[in-house]
Amino acid sequence: MDNALHATAREHLREACRAGGIAVLTGAGMSAESGIPTFRDAVLSIPSPPAAAVPRGESAVLGRPGDGGGLWSRFDPAQLASEEGFRADPQRVWDWYAERRDGVRAAQPNAGHRALGAFAARHPGVLAVITQNVDDLHQRAGNTDAIRLHGDILEDRWLQACRPGCGRAPASAVPGRPPRCADCGNLVRPGVVWFGEMLPSHAIDAAERAARSCLVMLVVGTSGAVWPAAGLAGLARRSGAWVAIVNPHESEIDAEAHAVLRGTAAQLLPRLLDDL
Ligand code: BV8
């Protein structure tokens, strides 16, 4: 990484530490070095579900004979991550989330997550972490107040309101793929924000407040392809913040940044934050 740019970034961060605030917007790239595939990667190589999940007589790759390469590797996550996709094939979408949940439980926060957690402990009230990620790695690294724009993959929710008087908790659902309500057949879905669904208003409001008030915004590991999250970088810039991107590759919001730091989250965040 360009040392002059690095020094400039640290100067802005030091200033923001002293008088103001720092917002960090993260995406799937933040968790890539923890072994969680990004959405970009997901399009390329979703592993096939556990053998047990494959109906008897079907190939290990959840594809139909002759699919060549397997159904999963050819589906766009945006189709799977939608109410429409879930209603069209609840079992397939549930299996996809079950596989991702296993991946999240098996993953550990990386050096980037830990640098943000340690920074927040050293500078209470200075840092706002805003994440698109549905994993719990920021929280496990100490940023328990991270703003979750797209929900929590480990949380269960009912697909719709249960029949009046039903009032069961998702945890009491009859096991299955997906689990369902014993009384009204309501399906359990993951507690994430699907495409076409509104973000939780408390989360987007808090994120916009942080973007408007921060002196520095670091944008880490996002392609900037998904809205309204991608708009937060521009909002911070228009509100007077110094915006820097941390990403080994080009993103769709590079133009919003004052500086683009080409590198990974686990490499660069410790270097940027550790002795501030
Ligand atoms: C909504 C949860 C209101 C589920 C997710 C305006 C313009 C265009 C489209 C829209 C618009 N407004 C709304 C839309 C529609 C849509 C949208 O944005 N579509 C896109 C695809 C064009 N938005 C919505 O539907 C949102 N809702 O707008 O509601 C509404 C309602 C009704 C009708 C109209 C409007 C809801 C969006 C949330 C969807 N849910 N996740 C789940 O996870 O299963 S989004 C999901 O995908 C992630 O949470 C994340 O947000 C996104 C993936 O993006 P990234 O995180 O950036 O990951 P990606 O793989 O793309 O990139 C990784 C990056 O990391 C790369 O740049 C790579 O270079 C970098 N990288 C890799 N390794 C590293 C690294 N960086 C650092 N270190 C590394 N080691």
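Counting begins at 1 with the first residue of the sequence. When a ligand or atom number is given, it counts from 1 through the structure's own listing order. Just the heavy atoms: all of them, side chains too, but no hydrogens, waters or symmetry mates, feed the values below. Since this is a predicted model, take the numbers as computed values, not measurements.
- With ligand atoms numbered from 1 in the order given, ligand 1 contributes 55 (P), 56 (O), 58 (O) to contacts under 4.0 Å with heavy atoms of Ala28.
- Within ligand 1, the atoms closer than 4.0 Å to a non-hydrogen atom of Glu33 are 78 (N), 79 (C), 80 (N), numbered from 1 in the order shown.
- With a heavy-atom cut-off of 4.0 Å, Pro190 does not touch ligand 1 at all.
- Contact analysis leaves Ser251 out of contact with ligand 1, as no non-hydrogen atom separation drops below 4.0 angstrom.
- For Arg101 and Asp95, the salt-bridge test fails: no basic side-chain N is under 4.0 Å from an acidic carboxylate O.
- Using a 4.0 Å cut-off to heavy atoms of Ala81, the atoms of ligand 1 that qualify are 44 (O).
- The option from Val220, Thr222, Leu268 that lies nearest to atom 55 (P) of ligand 1, judged by heavy atoms, is Thr222.
- Residues meeting the side-chain contact (heavy atoms from CB on, under 4.5 Å) test with Arg122, sequence neighbours left out: Ala118, Phe119.
- Proximity of Ala229 to ligand 1 is not established, as no heavy-atom distance is less than 4.0 Å.
- Distances from ligand 1 to the non-hydrogen atoms of Gln267 include no value under 4.0 Å.
- Under 4.0 Å from ligand 1, heavy atoms of Ser223 appear from its side chain as well as its backbone.
- Comparing His150, Met30, Glu197 against atom 5 (C) of ligand 1, the shortest heavy-atom distance belongs to His150.
- On a distance-only criterion, Val134 and ligand 1 share no N/O pair closer than 3.5 Å.
- Here the side chains of Leu232 and Leu149 are in contact, with some heavy-atom distance below 4.5 Å.
- The atoms of ligand 1 that sit less than 4.0 Å from any heavy atom of Gly27 are 56 (O).
- Judged by the 6.0 Å distance and 45° axis criteria, Arg189 is positioned over the aromatic ring of Trp194.
- In this structure, Arg92 forms no cation-pi arrangement with Trp94, as its terminal cationic atom is not both closer than 6.0 Å to the ring centre and no more than 45° off the ring axis.
- No donor-acceptor contact under 3.5 angstrom links the side chains of Gln132 and Thr26, judged on distance only.
- Partners of Asp183 under the salt bridge (Lys or Arg N to Asp or Glu O under 4.0 Å) rule, at least two apart in sequence or in another chain, are Arg168.
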